[in-house]
There are 2 protein chains.
Amino acid sequence: MKPLIPVVLAGGVGSRLWPLSRALFPKPFHALFGERSLLQSTALRAARVTSRPPIVVCNEANRFLVAEQLRALELPWQCIALEPEGRNTAPAIALAAHLAMADAAGAQLLVLPADHQVEDAEGFAAAVQAAQEASEGGAVVTFGIVPSRVETGYGYIELAVAGQPGVQPVQAFVEKPDAERARAFVASGRHLWNSGMFLVDAEVALAEIEAHSPEMAAAVAESVEKGQSDLDFFRLNDAFLRSPNVSFDVAVMERTARAAVLPVDFGWSDIGSWEAVLETAGADGRGNHFVGDVLPLDVDRTFVYSSHRLVGAIGVNHLVVVETADAVLVADRSRVQDVGALVTQLRDSGRSEHSLHTEVFRPWGSYEGVGHGERYQVKRIKVKPGASLSLQLHHHRAEHWVVVRGVAEVTCGEDTFSLSENQSTYIPQGTKHRLRNPADRTLELIEVQVGDYLGEDDIVRFDDQYGRGPR
Amino acid sequence: MKPLIPVVLAGGVGSRLWPLSRALFPKPFHALFGERSLLQSTALRAARVTSRPPIVVCNEANRFLVAEQLRALELPWQCIALEPEGRNTAPAIALAAHLAMADAAGAQLLVLPADHQVEDAEGFAAAVQAAQEASEGGAVVTFGIVPSRVETGYGYIELAVAGQPGVQPVQAFVEKPDAERARAFVASGRHLWNSGMFLVDAEVALAEIEAHSPEMAAAVAESVEKGQSDLDFFRLNDAFLRSPNVSFDVAVMERTARAAVLPVDFGWSDIGSWEAVLETAGADGRGNHFVGDVLPLDVDRTFVYSSHRLVGAIGVNHLVVVETADAVLVADRSRVQDVGALVTQLRDSGRSEHSLHTEVFRPWGSYEGVGHGERYQVKRIKVKPGASLSLQLHHHRAEHWVVVRGVAEVTCGEDTFSLSENQSTYIPQGTKHRLRNPADRTLELIEVQVGDYLGEDDIVRFDDQYGRGPR
């Protein structure tokens with residue numbers, strides 16, 4: 001068998017899962033079901049079918065999240081490839097093909113979006129094996145999901161004949177249908193959902209992209225050639241931005257003579273909306289599903305997700321309620337597809353709730369805003385064992401640090417000293433300082449910032465172990 | 001004319017306005033309409049009809065709120081009377097009668113619940129004048145509201161004849177009716193809503209209570225006689241607790257031959273539920289009313305109150321959504337009467353969200369929890385000009401104080417020193433300390449508490465200018 005390299009596409013935002021999923025902490029990184037995030041589940045699923053570590057493609061802004069979540073499972077990776085900006089799946093698969101071929105001659109790609117859910121891991125493994133055999137003959141195999149309901153939210157793959165198992169030719173790709181056509185599709189037995197998962201020879205994928213979109217092929221090739229390794233990451237050159245923004249389905253599958261489809265039924269969901277979360281999580285006898293601190297009174301067919309605060313609900317029916325640190329969503333379940341429109345409104349009005357969470361992840365750990373006023377803000381900072389923030393100074397604010405847990409090594413001006421639990425120090429405005437965790441457990445501290453201007457951009461960096469610039 | 005003394009009853013909790021209204025910051029103190037709280041509006045309404053300052057009856061726990069809100073309007077008060085525990089309106093009116101008579105011979109009482117809303121201030125003033133004249137003849141006058149809708153939530157007052165203006169005898173008091181009877185009442189024109197507002201000679205009120213409930217009369221008389229003046233307050237003796245817990249309607253009005261009623265129509269509401277808040281605030285063309293940061297998409301007949309966070313709403317209808325710092329309510333509008341049941345569940349399960357807000361008011365100012373973790377919590381503390389916290393110590397926690405605004409005078413062990421903006425200090429576990437604001441503007445600081453146990457009851461007080469005990 002040829003070497004099979006998982007390609008995990010982690011570039012999606014999942015805006016229909018707002019307010020939980022946001023650009024800077026999107027859907028693949030959330031643990032919606034159990035303890036593992038969708039990305040982690042995807043990586044583990046891949047690890048069961050191949051011993052090759054994955055190539056993960058993600059946005060620059062989320063690189064530390066990817067690395068952190070894979071590290072937490074002690075899963076190695078071949079590469080975390082950073083797109084300067086997302087250009088949809090076709091260029092992402094092209095760049096993964098380049099990286100895979102550089103690593104292993106004759107590599108095959110198992111392309112998996114990072115934010116899908118699969119219930120039947122054995123069924124998945126069997127399907128991958130069947131697809132792999134077919135792709136060795138040069139087919140571009142897509143996994144077609146046997147529909148379990150009438151669904152207007154997906155594209156469909158039409159088969160020549162109904163009910164035939166195994167890899168087979170694609171008759172046609174069909175755009176998202178209206179309800180009537182969707183009903184007919186499901187009744188026909190000749191239509192499958194287009195899942196966005198593929199198995200293809202890296203060489204074939206590149207040749208097809210070259211044949212059907214030479215502009216994309218050229219942009220990706222240059223971005224890889226001029227790309228740079230950077231710690232755990234491979235940073236693509238900005239040539240990548242010249243690639244057309246198009247899906248692998250449109251760029252290749254709908255045009256190639258090599259398209260093949262494997263009908264599968266392994267409990268798949270793309271978790272495309274809060275409705276899909278409810279379906280996958282499963283409802284109780286009244287049709288409800290509650291996560292977190294919820295107090296219901298006569299509530300039916302309702303999904304409540306509480307992350308920070310008590311949610312009391314009385315006499316409501318068929319709602320989705322999602323509570324996060326800085327935003328609450330209340331929607332009728334029939335309208336969950338419109339959550340994306342709300343997020344667009346937020347973005348267009350220049351607000352940060354569409355992209356930022358209150359907890360922000362950094363290479364050295366994370367921080368979370370816990371309160372703010374006119375001249376101050378309070379943050380909880382977590383620093384990973386051995387990690388260090390950059391040597392920096394702020395022109396407009398002073399900082400007070402109180403160690404709550406663990407040990408901090410503080411550099412302030414010319415001095416370096418240790419603070420243990422319950423000790424505190426003061427960093428005057430304009431003084432060079434650095435915070436490091438010298439110990440082997442997480443350092444947790446409270447930072448009180450006081451000053452006229454408290455923006456994140458009031459920072460001058462002098463030395464940064466993560467290769468970040470002076471601001 | 002006899003001296004007319006307003007008696008403002010501010011002891012109610014208003015649990016049906018949860019999560020905004022809570023035992024420790026209840027309904028009278030919230031600014032639901034415009035900038036003034038219901039208590040402030042009530043006090044101003046009274047000030048327009050009499051030059052005598054009010055007697056305010058409230059719970060011990062809310063005394064500083066009352067004083068602060070009246071002070072903010074520069075409204076003097078005759079007395080803020082503190083009940084050790086609420087015993088409903090009859091004992092409250094009895095104690096106010098004692099205090100009023102001690103202050104002014106022949107005093108009349110204008111009894112006003114602190115949490116009602118009146119739109120037509122002139123109509124109110126005219127009604128008070130008419131009632132005052134009648135009460136001089138010895139009548140106990142209640143204000144009966146001309147019904148504007150079929151309402152099963154109020155008691156009704158039956159008149160002998162329909163449509164007669166002016167003070168007149170009461171035919172009967174009628175308990176809350178079912179919907180059918182309520183419809184008949186409204187159609188008859190002979191039934192008014194029982195508002196809980198009264199005008200009565202202090203001497204008559206006491207005589208009637210003595211006649212119909214001698215036990216109550218005795219308990220209240222003793223509690224006043226043994227009561228103590230305490231700064232701005234009059235603290236009733238615990239003899240008060242022996243009084244039966246009963247309303248003035250039941251104790252006096254339903255039994256006395258002196259009962260009279262004045263039909264009035266001055267835009268009254270008791271703001272008894274979120275539905276009443278919506279009615280009073282007024283809905284827009286789609287039947288919605290939004291307060292705070294709300295982003296609606298296809299929302300109808302819905303009330304959203306956002307105090308801290310963005311609330312996004314999609315495709316919902318006929319809901320009440322109330323967002324506060326630590327709790328969110330989502331209810332169908334037809335079920336707003338059941339909010340109290342939810343609060344009862346919270347109390348019964350030992351949770352604090354039924355009574356505590358995150359901002360807690362103290363004689364010296366207020367504090368608000370802004371974040372907490374396993375071994376720490378962060379509070380924002382505001383200290384009023386000239387105010388001082390007690391000299392105290394904590395056995396289980398250390399405190400770090402960072403001054404954000406204003407000047408702090410800190411006593412820590414044997415030392416006393418000043419901290420200005422942006423300076424900080426550390427109070428070790430077990431050290432006597434005191435915080436004072438020596439300046440003429442509010443002191444604002446961030447307190448980071450670190451320790452094994454962070455409960456409010458880990459406090460030993462040595463000296464307190466507000467007369468609070470050692471714990």
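What you see is a predicted model; the values in this text were computed from it and never measured. Quick note on labels: first sequence line is chain A, next is B, and so on, each numbered from 1.
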Look at Q345(A), H318(A), R333(A) and state which one has the largest set of heavy-atom pairs under 4.5 Å with chain B.
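When all of Q345(A), H318(A), R333(A) are compared, Q345(A) has the most.
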
Under a 4.5 Å cutoff for heavy-atom pairs, which residue among Q429(A), E323(A), E421(A) has the most contacts with chain B?
E421(A)

Give, as side chain, backbone, both or neither, the part of V339(B) having an atom under 4.5 angstrom from any heavy atom of chain A.
both

Less than 4.5 Å to any heavy atom of chain A: does that hold for the side chain of V404(B), its backbone, both, or neither?
both

State, with a plain yes or no, whether a side-chain heavy atom of [X] is found less than 4.5 Å away from one of [Y].
X: T302(A); Y: V330(B); result: no
X: N422(A); Y: H400(B); result: yes
X: L319(B); Y: L319(A); result: yes
X: L310(A); Y: L346(B); result: yes

If every non-hydrogen atom of [X] is compared with every non-hydrogen atom of [Y], which pair is closest and at what distance?
X: D338(A); Y: L297(B); answer: O-CD2, 3.9 Å
X: G312(B); Y: L342(A); answer: CA-CD2, 3.8 Å
X: D332(A); Y: G315(B); answer: CB-O, 3.4 Å
X: A327(A); Y: R309(B); answer: N-CD, 3.5 Å

Separation between CG of L295(A) and CG of L329(B), rounded to the nearest 0.5 Å
10.0 Å

Taken to the nearest 0.5 Å, the spacing of I446(B) CD1 from E447(A) CD works out to 12.5 Å

Below 4.5 Å, heavy-atom pairs only: which of S424(B), P428(B), A398(B) has the largest tally toward chain A?
S424(B)

Under a 4.5 Å heavy-atom cut-off, does chain B meet the side chain of [X], its backbone, both or neither?
X: V402(A); answer: side chain
X: V304(A); answer: neither
X: D293(A); answer: side chain
X: Q449(A); answer: neither
X: V321(A); answer: side chain

Can you tell me if D440(B) has over 12 outside heavy atoms packed within less than 6.0 Å of its CG?
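Count not over threshold, so no.
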
